[in-house]
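First the proteins, then the strands, lettered A, B, ... as listed; each starts at 1. From a predicted model like this one, the values you see are computed outputs, not experimental measurements.
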Protein chains: 2
Amino acid sequence: MGAASALHSQAVAKRVGIASVDLECLDMILLAGPVTAGQIMEHTKLTSGAVTGLIDRLARKGYVERAADPQDRRKVVVRIVPEAIRPILELFAPMAERSAALMRQYSVEELELIADFVEKGTELALERARELEGG
Amino acid sequence: MGAASALHSQAVAKRVGIASVDLECLDMILLAGPVTAGQIMEHTKLTSGAVTGLIDRLARKGYVERAADPQDRRKVVVRIVPEAIRPILELFAPMAERSAALMRQYSVEELELIADFVEKGTELALERARELEGG
DNA sequence: GTCTCATATCTCAGTATCTAAGATAATTAG
DNA sequence: CTAATTATCTTAGATACTGAGATATGAGAC
């Protein structure tokens, strides 16, 4: 399912005309609200130089804007430009709708069971990833 | 969960010292048996030139071997070298064991429900990806 | 058989992205 | 107020990808 989901994202990215990493990053900014370049570094595991380039690409296409953080002026906060990403959200909409339709076929108890499994599986993967990075 | 799974794969790839795409490709060859360069193209959505380079990298490190297809000598079949990938499989083992342990906490009926949901979700993503690529 | 077209992979030039190291600027601690 | 730290940007060099074209094999028409 992870592989299928990655293929879906890749297909959307190709339609939009941006790289998969760039789209993934855009999604992250959308979900996490305005984020700093450093947060993008942590999330994508890219170096600072690569993140600078990534933000440059997204900004050049108008999807995001850079702004100085008033609290800490070393930081750069990156904000989504809502109008610009609307076409992208529309490409995701059919998948979201069909997922919702799939979920409606299950009872609340069943969905809770599935969600619980998914959360535990996610935690397992994240924990093991941390282990591999650390030791 | 897809993102977490991707992070786990990335962490394994980093430990092994190869790129994520290369590891993903190795996994595919392992699952699908000996495959041709063309099948790798389809799976990874890379161009033929990129796949040549990818096989070169895996072969140089000894993980796979090239061989001519006796049926069609234009084709190049790529085979896993089992001894070489053993250390990689060991890095995946803990995650596999813990996933198995998680699954043992559920009844057969519950697991069937979850598997069914996952399969349907996978099909949804693949179908939508095909739509985006086609129309 | 041989000619043509299609298929499978490789090669190569140009482009893009990444890493690593170092520069710049702002913040924090002593 | 100086030194150390933090956050981002810049740059050079390495690597990988795309697209076009080369090479070699296979398949069908005649």
Ranking D:dA7, D:dT8, C:dC18 by distance to the side chain of A:Asp72, first place goes to D:dA7

Under 3.5 Å, is there a donor-acceptor pair between the side chain of B:Lys61 and the main chain of B:Gly17?
yes

Within the pair B:Arg74 and D:dT23, is there a side-chain N or O less than 4.0 Å away from OP1 or OP2?
no

Using atom CG of A:Leu23 as one end and atom C1' of C:dT17 as the other, report the distance to the nearest whole Å.
17 Å

Once you apply a heavy-atom cut-off of 4.0 Å, does A:Gly49 come out as touching a base, just sugar-phosphate, or nothing?
base

Of the nucleotides D:dT18, D:dC9, C:dT9, which one has an atom closest to the side chain of B:Leu46?
D:dT18

Salt bridge or not for A:Asp56 and A:Arg60, using N-O below 4.0 Å?
no

Using heavy-atom distances to pick each residue's nearest nucleotide on DNA chain C, tell me which of A:Thr47 and A:Gln71 is more 5'.
A:Thr47

Starting at atom CD1 of B:Ile18, determine the distance to atom C1' of D:dA16, rounded to an integer number of angstrom.
15 Å

Under the side-chain contact (heavy atoms from CB on, under 4.5 Å) criterion, do A:Met103 and A:Leu111 qualify, and how do the steps go?
CA-CA 7 Å; A:Met103 287 191 259; A:Leu111 287 173; 4.1 Å; yes

More 5' along DNA chain D: B:Leu54 or A:Val77, using each one's nearest nucleotide?
A:Val77

Is there a donor on the side chain of A:Ser48 or the base of D:dC9 sitting less than 3.5 Å from an acceptor on the other?
yes

Length of the line joining B:Lys75:NZ and C:dA6:C1', which is rounded to integer Å:
13 Å

Can B:Arg130 and B:Glu123 be counted as an ion pair, charged N to O under 4.0 angstrom?
yes

Side-chain N,O (A:Arg57) to OP1/OP2 (C:dC18) below 4.0 Å:
yes

Could you say whether A:Asp22 or B:Gln39 is positioned toward the 5' end of DNA chain C, judged by the nucleotide with the nearest heavy atom to each?
B:Gln39

Quickly work out the A:Arg66 CZ to D:dT8 P distance and round it to whole Å.
10 Å

Within the supplied structure, the quantity of interest is the number of heavy atoms (other residues, nucleotides, ligands) at a distance under 6.0 Å from A:Arg79 CZ; does it exceed 12?
no

Starting at atom CG of A:Asp56, determine the distance to atom P of C:dT17, rounded to an integer number of angstrom.
10 Å

Send over the distance from A:Asp69 CG to C:dA25 C1', rounded to a whole Å.
14 Å

B:Lys45 NZ to D:dT18 C1': how many Å, rounded?
16 Å

Is the phosphate of D:dA24 approached by B:Arg73 (side-chain N or O, under 4.0 Å from OP1 or OP2)?
no

Winner on side-chain proximity to B:Ala50, out of C:dT9, D:dT8, D:dT18, is D:dT18

